[in-house]
Amino acid sequence: MNPVRHSEDKEIAISKEKSCQHPYMSNGMKWSKKCCLLLLAATIAAIALRLPLLGQRPMHGDEAVHAIKFGDLLEKSFYRYNPNEYHGPTLNYLTLIPAWLSSAGKLTEVSEFTLRIVPVFFGVCLVLLLLLLADGLGRTVAVCATVLTAISPAMVFYSRYYIQEMLLVCFTFGAITSGYRYTQSKNITWALLTGVFLGLAHATKETFIIAFDSMLLALVLTLLLKSRRDGSGGFIKTVRAVKPSHFSAVVAAAIIVSALFYSSFLTNPNGIWDSVRTYATYFDRARQNQLHEHPWHYYLKMLIYSRYGSGPVWSEALIVFLAVAGFIVAMTRKGLSGVNFHLLRFIAFYTLIMTVLYSVIRYKTPWCLLGFLHGMILLAGVGAVALIKLSPNVLARTFISLLLVASGVHLTWQAYSGSYKFYADTRNPYVYAHPTTDVFTIARRVEEIAQVDPNGREMIIHVICPGKDYWPLPWYLRSFPNVGYWTEVDNVKPPAVVIIASPAVQPALMKKLNEFSPPGKRNPYVALFDRYIELRPQIELRGYVLWDRFQRQIQSVQPQTTGEK
Amino acid sequence: MMKKGFNSIVKVCVLVLFAMSLCLVYSCKESSQEPASPNSPGQQTTDNIKSDANDTEKTTVETSKEPTTDSAGWVAIDIKLPKPMFVGTPQDTKVPNLEKPLGRKRDPFYAPVGAKNVAFEKPVTSTDDLPIIGELEMLTDGDKEAADGSYVELGPFKQSVTIDLEAEYNIYAILFWHYHKQAIVYYDVVVQVASDPDFITNVTTVFNNDIDNSAGLGVGKDMHYSETAEGKLIDAKGARARYVRLYSKGNTSNDLNHYIEVEVFGKPAI
């Protein structure tokens, strides 16, 4: 009999608690009511922290780019994978589901909620997927990891971000869980699911290769350790135990799923080749891109301690330190019973390799930490349970439990503050190159002018920003069909009703406006905004509007104001 | 055993065929909804897919649908408006204690009559005697452009430049430019004036934004600031000195230190 299974059965027998059966627990693993309640609470917490006010945070430039690209897919059924930028197609295609459900046929009918519900969904799935590892990790560890996944500030913050990262983490973890379930049941369905998840992860973001390499290396290391323990030939035996047909199923499913997405569902076969040659671009970027170059300790420092100016202290140190404890438990096989140590070691190696690889790569953006942070969370669950079990007496056990609960409350507070209070504040470590809430003011002012312009929403708007630094404005101005975007002043085109420009082009713009307004026929421009406006911190934008439109807008407001008085 | 393996293969094949048939259904639907031909007549929006290596995204040109009339009676017709170009993640400027830009021209700085730039063409020394780019003389040559050939690039981490004014002056303002081609922020900017080249006698710190004392010159209370073409102007409050020293320790883009120009406004010490 499997010693692991035996001890778990024994544990269940001893507990004598009323229990509920989970459909995936094929080995008859039973869940106590307490565990079920905790899992339910964690899931509710995950949803409650991720779902509300999805439109509150200004769209990040990257989110806006994905949104506008999604607009093409929605309105014209057009998607072409670009091997140089913007990552894989799953985010775009999967957004079709909420768009269809909300009966949105045009980009103007799509809201931030429609877009951001996609990562929210996968953020919650990531929490629930842990159930599939419950018999390997042990119920208590699984519950702890579920709770930590639900309340981790970084997990919450980026679950509300319309980028690929949460999908990538979810699909990668899906592959791990399905792979693990396959090793337990040898059922081809799990093999197929592993392949599907691998294919989806590959079709999500190019950095999947880091997770995939980490998985492979972690698997080899785990099997080598296993073979050393079980005797010679263990490694080969384990590899040979996988049926060739099942292995083929994994590979075939992965290739088919990935190829379907990259080829835009067989309408662009070149996309498949592009998904391979893209790695040349990304390897190059990892080495040479200075824009997002950060020191090796960037992610770890961000997780352990961040404080900017007068802002609060941000820390997920609890997860990092518990993960270290969990790593030690996985390697020493001490402190826990009733768990699959091969699985623990696999997760430990996988997390360590991912952390090292992401730290070594100089190109760093904060959302990239999610991959190894999730591994750390799984190990943190192990560490937390081991710490409690290794406590010498009831007093110490109570103290550690209370400390963990208090730290968990602090994590929840950070998750709430980060996503609902400091959501666009540079004092939040996860806010990166983020637009300020001034973008709402820009959109509101343009809307107000359009209401008094004879052409309404058809009025001409010019946006002039060197370096194409105008994102996310295309998202906020999406309902205006006549918006032109320039990187420098175009002296040929007549000036627009509303001009939004970077201060860098102001001299050239003023010269143009003077030349286009002959004396006597001058309809001068006035400032669109009554205060300093930033696109992002330190990136100023200035607005100009024709004098008569400005006057009309003022007059349209005055009667209402008088009426209110 | 063989039978079981065969059954598995059959299952895989059936599933693969099922998946492919689903895709074919989808692709058929797609082809029927193929985007309108880029230049189809009657369509005023034209889409061109650029095959450029770096920008394979859409570089659409849109024509406004109707002539627009402004208050002066001008008619704008056939206006081609470029669509936004997709870009990657922009640079982050997460700097603690960062002051908000004024959003307007700096207020004039008032100094006693006769105060002028006394640093012009004065000798400059540095902790990095062999700059990576440029010459130290460029700091006091009067060229304030951010163009290549107008700035000096010093090595990484903490570096300083010292200007010998060759006489004692009452210094009222120090105006300097690190590198203003991009909106970057230099760390640990400390400006000191002194009467001797070793900065032992009569040392006055007139600016210090090293909030964590990482440069080892004491904790500063001044704020970080973004580089602009206006430069950074510091009120030296008439401090009497012959030497002016400026420290910095890398910037938000990299660990290097740059200078374009340093101006010291003063009058001979009374």
Side-chain angles (χ1 to χ4, degrees), chain A residues 61-62 65 68-69 72 76-78 80 82 84-86 188 192 243 245-246 248-249 252 256 260 264-267 290-293 307-309 365 426 431-433 454-455 458-460 468-471 473-474 481-486 493-494 497 521 523 532 536-540 546 548, chain B residues 5 8-9 11-12 15-16 19-20 23-24 26-27 29-31 33-36 47 49 53-58 62 64-66 68-74 76 79-98 100-104 183 185 226 253-254:
Chain A
D62 291 6
V65 166
I68 300 295
K69 281 188 157 291
D72 277 355
K76 304 169 192 170
S77 299
F78 178 83
R80 289 285 177 274
N82 181 335
N84 299 299
E85 274 287 359
Y86 324 119
I188 192 168
L192 276 168
K243 288 180 188 171
S245 61
H246 290 187
S248 309
I256 288 169
L260 284 175
S264 309
F265 286 87
L266 308 181
T267 56
Q290 289 190 346
L291 212 57
H292 303 290
E293 210 174 83
R307 190 172 188 201
Y308 295 95
T365 46
T426 52
V431 168
Y432 186 83
N455 295 302
E458 301 276 322
M459 75 174 180
I460 308 285
K468 306 165 196 166
D469 201 0
Y470 37 67
W471 292 93
L473 291 187
N482 293 322
V483 189
Y485 294 88
W486 280 272
K493 306 284 180 295
V497 176
K521 288 188 91 176
N523 181 8
Y532 175 80
R536 294 194 308 283
Q538 307 292 305
I539 310 294
E540 186 190 354
L546 279 172
D548 64 337
Chain B
S8 304
I9 292 168
K11 277 183 190 172
V12 174
L15 279 165
V16 167
M20 287 184 76
C23 302
L24 283 171
Y26 186 86
S27 63
K29 188 183 163 194
E30 271 234 309
S31 59
Q33 294 180 343
E34 195 71 7
D47 290 2
I49 307 306
N54 206 20
D55 280 312
T56 34
E57 76 263 19
K58 216 170 48 158
E62 188 168 299
S64 65
K65 286 172 186 164
E66 285 174 25
T68 53
T69 314
D70 84 345
S71 61
W74 291 12
I79 299 166
K80 289 177 196 272
L81 299 171
K83 281 252 173 135
M85 300 280 280
F86 297 121
V87 293
T89 311
Q91 189 173 20
D92 185 47
T93 46
K94 197 188 290 295
V95 178
N97 200 32
L98 184 65
K100 278 242 176 197
L102 273 177
R104 56 178 167 79
V185 177
S226 259
S253 284
N254 52 51

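These numbers come from a predicted model, not from an experiment. Just so we're on the same page: letters track the sequence lines, and every chain starts at 1.
A:Y432 touches chain B through backbone and side chain together, each having a heavy atom under 4.5 Å away.
Shown here for A:H292 and B:T89, the closest heavy-atom pair between the two residues is NE2-O, 2.8 Å. Looking at every heavy atom in both residues, B:V87 comes nearest to A:V65 through O-CG2, 3.7 Å. Heavy atoms only, all atoms of each residue included: A:Y485 and B:P84 are closest at CD1-CD, 3.2 Å.
Between A:W471 and B:P90 the shortest side-chain heavy-atom distance does not fall below 4.5 Å.
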